[in-house]
Amino acid sequence: MKGYVILDLDGTILDDNKNIYPEFLEVLPRIKRKYQIIIASGRAKFSVEKYLKEMDLPEFYVSFEGAYIVWDGEIILRKPFPDDYEKYLERNYGNFAMVKFYEDKVKPNDKFCKEFPHYLKRWGAEILGEGSDVFKYVIATRSEDGIGDLPGTVFIFKRMGDIFYDIAPDTTKAEGLKILMERFNISPNECVAFGDYYNDIGIFKLCGFSVAVPRAPEDVKSFADMVAHPWDPKVLEILGV
């Protein structure tokens with residue numbers, strides 16, 4: 001019986017250009033032989049699936065910060081924003097640079113297209129348009145003053161002076177993983193988690209063993225059992241691959 005590797009994408013196995021580290025691709029076949037890999041990411045469904053194809057992995061993933069969950073190609077959870085959430089966000093924050101994420105499309109507003117268009121490519125957002133349900137909002141600003149209180153589950157990311165508020169509909173990656181563990185009778189002791197940021201702390205607490213990558217903030221590292229890259233020989237020794 002296989003164990004489970006819970007794997008974040010950005011900052012963990014993706015470099016600053018959003019490519020998979022070649023060092024990870026080199027050891028991936030060894031990990032796949034012993035572990036079922038589950039991606040746990042704030043990224044959109046379409047972006048997660050793109051990287052799964054690159055790694056030749058089946059569709060086991062938690063995306064949109066826990067709002068969209070797939071197990072072996074089957075949709076386990078699909079939790080879009082309720083209509084009142086959407087109306088509130090767009091009424092109160094529509095003057096900011098904003099992007100709506102659907103299952104397979106994204107809809108940036110005019111302000112985002114003018115000020116932050118290069119991020120769309122970084123997110124793998126190749127299909128622009130509208131869908132039926134929104135699974136994530138991103139609000140962008142360069143003001144350190146912030147944008148006020150936001151509903152939902154909010155994660156704040158800073159990139160070279162740009163500040164992004166990633167908003168999920170009251171879901172988290174850890175809650176999504178817990179749903180899978182309970183449904184498929186997975187023990188936390190069977191799971192090894194890898195991550196790099198504050199939205200990975202819940203998964204570190206949930207899994208039997210956790211690894212924070214060296215670039216993670218110090219207070220994120222404090223929740224992990226080990227600090228190393230996923231391809232570090234010491235990690236591979238612990239994994240037994």
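Val235 has its side chain within reach of Phe194: a pair of non-hydrogen atoms, C-beta onward, lies under 4.5 Å apart. Between Pro169 and Thr153 the shortest side-chain heavy-atom distance does not fall below 4.5 Å. Gln36 has its side chain within reach of Pro58: a pair of non-hydrogen atoms, C-beta onward, lies under 4.5 Å apart. Here the side chains of Cys113 and Pro108 are in contact, with some heavy-atom distance below 4.5 Å. Under the 4.5 Å side-chain criterion, counting only non-hydrogen atoms from C-beta, Cys191 is in contact with Met181. You'll find the side chain of Lys234 reaches within 4.5 Å of the side chain of Asp232, heavy atoms only. Side-chain contact between Glu49 and Tyr61 is present, with at least one heavy-atom pair separated by less than 4.5 Å. A 4.5 Å side-chain heavy-atom check between Ile179 and Ile76 finds at least one atom pair inside the cut-off.
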Task: Val192/Ile6 under side-chain contact (heavy atoms from CB on, under 4.5 Å): CA gap, chis, key distance, verdict - done: CA-CA 6 Å; Val192 180; Ile6 317 303; over 6 Å; no
- [ ] Kindly determine whether Lys100 and Asn109 satisfy side-chain contact (heavy atoms from CB on, under 4.5 Å), including the steps that lead there.
- [x] CA-CA 8 Å; Lys100 294 188 284 187; Asn109 65 7; over 6 Å; no
- [ ] Apply the test side-chain contact (heavy atoms from CB on, under 4.5 Å) to residues Met55 and Ile13: give CA-CA distance (whole Å), side-chain angles for both, the deciding distance (0.1 Å), then the verdict.
- [x] CA-CA 11 Å; Met55 293 183 283; Ile13 65 165; 3.9 Å; yes
Task: Trace of the side-chain contact (heavy atoms from CB on, under 4.5 Å) decision for Asp10 with Lys18 - done: CA-CA 7 Å; Asp10 290 271; Lys18 305 308 173 187; 2.8 Å; yes
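Figure legend: cation-pi geometry between Arg142 and Phe116, with NZ or CZ positioned under 6.0 Å from the six-membered ring centre and within 45° of its axis. For the pair Lys136 and Phe101, the cation sits on the ring face: its NZ or CZ lies under 6.0 Å from the ring centre, inside 45° of the axis.
Remark: Lys50 NZ is packed, more than 12 non-hydrogen atoms of other residues, nucleotides or ligands lying under 6.0 Å away. Summarising the local packing, CG of Asp84 is surrounded by more than 12 heavy atoms from other residues, nucleotides or ligands at distances under 6.0 Å.
Pairing each heavy atom of Glu86 with each of Val134, the nearest pair is OE1-CG2, 3.6 Å. When all heavy atoms of Leu77 and Gly66 are compared, the closest pair comes out as CD2-O, 3.4 Å. Contact record, Ser41 with Lys173: N-CD, 3.4 Å, taken as the closest heavy-atom pair. Looking at every heavy atom in both residues, Gly208 comes nearest to Asp225 through O-OD2, 4.0 Å.
Under a 3.5 Å cut-off, the side chain of Ser63 and the backbone N or O of Tyr68 do form a donor-acceptor pair. Of the possible polar contacts, none joining the Lys111 side chain to the Met98 backbone as a donor-acceptor pair under 3.5 Å is found. One N or O on the side chain of Asp200 and one on the backbone of Asp196 form a donor-acceptor pair closer than 3.5 Å. Between the side chain of Asn17 and the main chain of Asn19, no donor-acceptor pair closer than 3.5 Å is present.
For the residue pair Asp170 and Tyr85, a side-chain donor N or O sits within less than 3.5 Å of a side-chain acceptor on the partner. Glu26 and Tyr21 share no donor-acceptor pair across their side chains, judged by distance under 3.5 Å alone.
Between Tyr4 and Tyr35, the ring centre distance reaches or exceeds 6.0 Å.
Among residue pairs with one or both ends in residues 214-223, those qualifying as salt bridge (charged side-chain N to carboxylate O under 4.0 Å, His left out) are Asp16-Arg215, Glu218-Lys221; sequence neighbours excluded.
Between Phe60 and Trp71, the ring planes lie perpendicular to each other; the angle is over 60°, past the 30° to 60° tilted range.
Paired with Tyr119 under the rule ring pair (Phe, Tyr, Trp, His ring centres under 6.0 Å), one option of Phe157, Phe164, Phe112 passes, and it is Phe164.
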